[in-house]
There are 2 protein chains.
Amino acid sequence: MKIAEVSEKYGISADTLRYYERVGLIPPVHRNEGGIRDYDELDLRRVDFIKCMRRAGLPVEVLIDYVSLVQQGDSTAGARREILVEQRHQLLNKIEELEKVLGILDHKIEVYDEILLKIEQGLSNAKSEVE
Amino acid sequence: MKIAEVSEKYGISADTLRYYERVGLIPPVHRNEGGIRDYDELDLRRVDFIKCMRRAGLPVEVLIDYVSLVQQGDSTAGARREILVEQRHQLLNKIEELEKVLGILDHKIEVYDEILLKIEQGLSNAKSEVE
DNA sequence: CCTTGACTTGGAGTTAACTCCAAGTATTAC
DNA sequence: GTAATACTTGGAGTTAACTCCAAGTCAAGG
């Protein structure tokens, strides 16, 4: 699969795909006779993995370390697991934080609904108190 | 409360606090006779609100818009509600995405546990297949 | 009175993660 | 077979969100 198609399929620009390869986030992609990138099944799986991890905010640098360990073979399995455990931990914290803020937003929206209702009813003394 | 104390209390650098004020993320903070920032209760509530929102990843620009509407008074309550609803929506999507990735990480960690167990048992033919 | 240290400002510098560009080569369309 | 299109590379530019810096002010301790 050509880079343009991969870009289309995963919603990642061709520039970004090349950048990922350059910095080692994705190992060198398969090329055709002319030296042009021709993503095979494995390459696509790697792109998909990286896409997910990046969307979740895992730092490029951490992912580079991880990918480099994968390249070094089975002996690095323990170190790779450590990275995943650490990132899982970070992710969990992040989710908890976001859920807290979601609650705050929900509350604020409710308050606004009440205020707007009052304003609609012409109660202009519905001084907001919301920030 | 002086800027250094606020910085300490909320884990935001004094530079960042001044930056927030400069770009309009926080309305001008109360000053003492000498012109030095002296955060009052309202200022602190604002700092806390912004801290939460920023931690959840709400863009500074969006928050500037919101804060500016607050300054413009009650007539902007509807527009402010719209911003919050939109951000709530984005946040929910984000949380769903993170939870998906959390699941992927959990699965990968499990797979690593199995592999590491095999390796530990000396089954060097436990060829990983994990990426 | 002078020094120390926390504060002020506007503006420049940094970082992560892209994103774009110029110059060159290869493939496809006519 | 040649013009247009798509690809290549290394490197420069961009964006968001800080973060740091130089030069200056001011209150308080010795």
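These values consider heavy atoms only, across backbone and side chains, with no hydrogens, waters or symmetry-generated copies. Order of the sequence lines sets the chain letters (A, B, ...), proteins ahead of strands, with each chain counted from 1. Keep in mind that this is a model prediction, so the values were computed, not measured.
- Taking atom CG on A:D38 and atom P on D:dA6, their separation rounds to 17 Å, with Å as the unit.
- Following rounding to the nearest Å, B:I64 (CD1) and D:dC18 (C1') show an atom-to-atom distance of 13 Å.
- In this structure, A:E61 atom CD and C:dC18 atom P are separated by 13 Å, rounded to whole Å.
- Projected onto DNA chain D by closest heavy-atom contact, A:I3 and B:R54 fall at different nucleotides, the more 5' of which corresponds to A:I3.
- Panel note: side chain A:E5, backbone A:K2; a donor-acceptor pair is recorded below 3.5 Å.
- Remark: side-chain polar atoms of A:D43 are paired, donor with acceptor, to backbone N or O of A:H30 under 3.5 angstrom.
- Regarding B:N32, its CG atom lies at a distance of 11 Å from the P atom of C:dC7, rounded to whole Å.
- A donor atom on one side chain and an acceptor atom on the other are found under 3.5 Å apart for B:Y112 and A:R80.
- A side-chain contact (heavy atoms from CB on, under 4.5 Å) with B:D113 holds for exactly one of B:I109, B:L117, B:I115; it is B:I109.
- Separating the CD1 atom of B:I36 from the C1' atom of D:dG24 is a distance of 13 Å, rounded to the nearest angstrom.
- A salt bridge is absent between A:D38 and A:R31; no separation between the charged side-chain nitrogens and carboxylate oxygens falls under 4.0 Å.
- Residues of residues 15-28 of chain A that place a heavy atom closer than 4.0 Å to DNA chain D, in numerical order, are A:R18, A:R22.
- Of all non-hydrogen atoms in B:E21 and B:V29, the two that sit nearest each other are OE2-N, 3.1 Å.
- Distance A:K2 NZ to D:dA6 C1': 8 Å, rounded to the nearest Å.
- A:A14 comes within 4.0 angstrom of nothing in the nucleic acid, heavy atoms only.
- One finds no salt bridge joining A:R45 and A:D48 here, because no Lys/Arg side-chain nitrogen approaches an Asp/Glu carboxylate oxygen to under 4.0 Å.
- Regarding A:E8, its CD atom lies at a distance of 12 Å from the P atom of D:dC7, rounded to whole Å.
- Listed pair B:R31 / C:dT9 meets the phosphate criterion, a side-chain N or O lying under 4.0 Å from OP1 or OP2.
- Taking for each of A:L58 and B:E5 the nucleotide of DNA chain C with the nearest heavy atom, the 5'-most of the two is the partner of B:E5.
- As rounded to whole Å, 11 Å separates atom P of C:dT19 from atom CD1 of A:I12.
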